[in-house]
S.K.: 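For reference, the structure I am asking about is given below.
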Amino acid sequence: MLLQRVMFLPLLSPWSRQTTRNVIARFPAVQLAHFRSNSSVANVKERTLIAVKPDGVQRRLVGQIIRRFERRGFKLVGLKMLQVSEELLSQHYCQLTQKPFYSSLVDYMTSGPVVAMVWEGHNVVQSSRVMVGPTNPAAAPAGTVRGDFSLHVSRNVVHASDSLEGAQREIELWFQGKDLVKWDCWDQTLTCEK
Ligand code: IDP
Ligand code: MG
């Protein structure tokens, strides 16, 4: 009710500017919207590609993985489920095509659907590599996705881009620009310095 009164404030002549300030001070959501319109948040636009691999999808880990990125404060700007083609994989893993495990990697990655996501936020590339953990789950600390949900390097549940350049290349490979959504997150000024 009070929020509605704030929205229609210009129409309510008895309300003074002081009254407005008092209401804004009491309601964090209103405060944030007010603050956001007066400020620009710098340096939070970095993006990375995170993909839940077929073993993660089959084991119903998608929600838990998304939750970790949301809880950290990152913003989801793209999401899709797809059956990955060998063509896409050969581009995605272009540096690995000569590795002895490449054909089994292709079998693994095409064994079922993948959930691909683009996450945005301050230092998201590096931070998400830390959250995901080392390539080999045997070396991954507890608390990381791979350390909590996987055992073997051939079934390590999730992909995360490993550099800014890699992230940009992979996002362009997996998503069309029109499928990425620009939106303002209400808590942006609480999770990052403006
Ligand atoms: P990353 O996923 O941590 O970036 P990369 O070295 O880029 O690791 O390798 C890509 C993927 O290839 C790994 O996530 C894993 O699925 C697979 N892979 C890497 N090394 C091996 C291996 O020695 N045996 C089987 N699969 C491997
Ligand atoms: Mg890699």
Side-chain angles (χ1 to χ4, degrees), residues 43-177 179-181 191-192:
N43 196 26
V44 295
K45 297 292 179 194
E46 188 173 313
R47 289 179 171 182
T48 197
L49 181 85
I50 302 294
V52 185
K53 296 177 176 183
D55 52 335
V57 175
Q58 293 286 349
R59 293 171 56 201
R60 302 179 183 86
L61 296 175
V62 175
Q64 295 193 58
I65 292 168
I66 289 177
R67 182 161 182 263
R68 289 178 179 224
F69 284 84
E70 285 192 323
R71 194 175 59 184
R72 183 77 188 264
F74 294 123
K75 182 168 77 175
L76 185 61
V77 295
L79 173 74
K80 67 178 172 185
M81 183 182 226
L82 70 163
Q83 181 71 45
V84 185
S85 66
E86 289 190 26
E87 167 65 19
L88 174 62
L89 278 178
S90 67
Q91 294 177 59
H92 177 76
Y93 285 134
C94 58
Q95 286 139 343
L96 301 179
T97 54
Q98 301 308 312
K99 296 282 185 188
F101 58 82
Y102 183 71
S103 69
S104 58
L105 175 60
V106 171
D107 289 346
Y108 161 49
M109 290 295 292
T110 56
S111 67
V114 166
V115 172
M117 298 173 266
V118 177
W119 288 90
E120 184 180 287
H122 176 70
N123 203 37
V124 68
V125 173
Q126 195 187 350
S127 296
S128 59
R129 287 293 289 194
V130 174
M131 290 166 69
V132 161
T135 307
N136 188 343
T144 63
V145 176
R146 287 168 171 167
D148 288 350
F149 298 123
S150 58
L151 292 171
H152 195 267
V153 67
S154 64
R155 300 287 184 272
N156 60 3
V157 172
V158 70
H159 167 81
S161 309
D162 66 1
S163 64
L164 273 173
E165 302 71 37
Q168 192 175 343
R169 185 183 75 83
E170 291 171 3
I171 290 168
E172 283 171 13
L173 200 54
W174 288 71
F175 284 87
Q176 296 193 345
D179 295 328
L180 301 177
V181 181
T191 56
C192 219

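One is the number of the first residue; the rest follow in order along the sequence. Read the numbers this way: they start at 1 and go in the same order the structure lists the ligands and their atoms. For clarity, every value in this text was computed on a predicted model and none was experimentally measured.
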S.K.: Within the side chain of R146, is there an N or O that forms a donor-acceptor pair under 3.5 Å with the backbone of G133?
M.R.: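 Yes: the side chain of R146 pairs with the backbone of G133.
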S.K.: For atom 4 (O) of ligand 1, state which one of H159, K99, R129 supplies the nearest heavy atom.
M.R.: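 Selected option, by shortest heavy-atom distance: R129.
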S.K.: For atom 23 (O) of ligand 1, what is the closest protein heavy atom, and at what distance to 0.1 Å?
M.R.: F101 CD2, 3.7 Å
S.K.: R146 near ligand 1, heavy-atom distance under 4.0 Å?
M.R.: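 R146: in contact with ligand 1 (<4.0 Å).
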S.K.: Measure the acute angle between the ring planes of F74 and F69, then classify it against the limits of 30° and 60° as parallel, tilted or perpendicular.
M.R.: tilted
S.K.: With R155 as the cation and Y108 as the aromatic partner, state whether NZ or CZ is under 6.0 Å from the six-membered ring centre and within 45° of the axis.
M.R.: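 Pair R155/Y108 counts as cation-pi.
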S.K.: Pull out every atom of ligand 1 sitting under 4.0 Å from any heavy atom of L105, numbered as shown with elements.
M.R.: 12 (O), 16 (O), 17 (C)
S.K.: Just going by heavy-atom distances, which of T135, D162, V157 is nearest to atom 6 (O) of ligand 1?
M.R.: T135
S.K.: Which atoms of ligand 1 sit under 4.0 Å from any heavy atom of N156?
M.R.: 13 (C), 14 (O), 15 (C), 16 (O)
S.K.: One residue to check: L96. Relative to ligand 1, which of side chain, backbone, both or neither has a non-hydrogen atom less than 4.0 Å away?
M.R.: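 It is the side chain that gets close, since no backbone atom is under 4.0 Å.
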S.K.: With a 6.0 Å cut-off (strictly less than), is the heavy-atom count around CD of Q83, excluding the residue itself, greater than 12?
M.R.: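 Correct, the count exceeds 12.
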S.K.: Just by distance, do the side chain of N156 and the backbone of P137 share a donor-acceptor pair under 3.5 Å?
M.R.: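 It does not hold such a pair.
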S.K.: More than 12 foreign heavy atoms under 6.0 Å from NZ of K99: is that the case here?
M.R.: no
S.K.: Surrounding CG of L82 (heavy atoms of other residues, nucleotides or ligands, distance under 6.0 Å), is the total greater than 12?
M.R.: yes
S.K.: Give the residue, atom name and distance (to 0.1 Å) of the protein heavy atom nearest atom 11 (C) of ligand 1.
M.R.: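 Protein heavy atom at minimum distance: Y93 OH, 3.9 Å.
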S.K.: Which ligand 1 atoms, with their elements, are less than 4.0 angstrom from a heavy-atom of K53?
M.R.: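 Ligand 1 atoms under the 4.0 Å threshold to K53: 13 (C), 14 (O), 15 (C), 16 (O).
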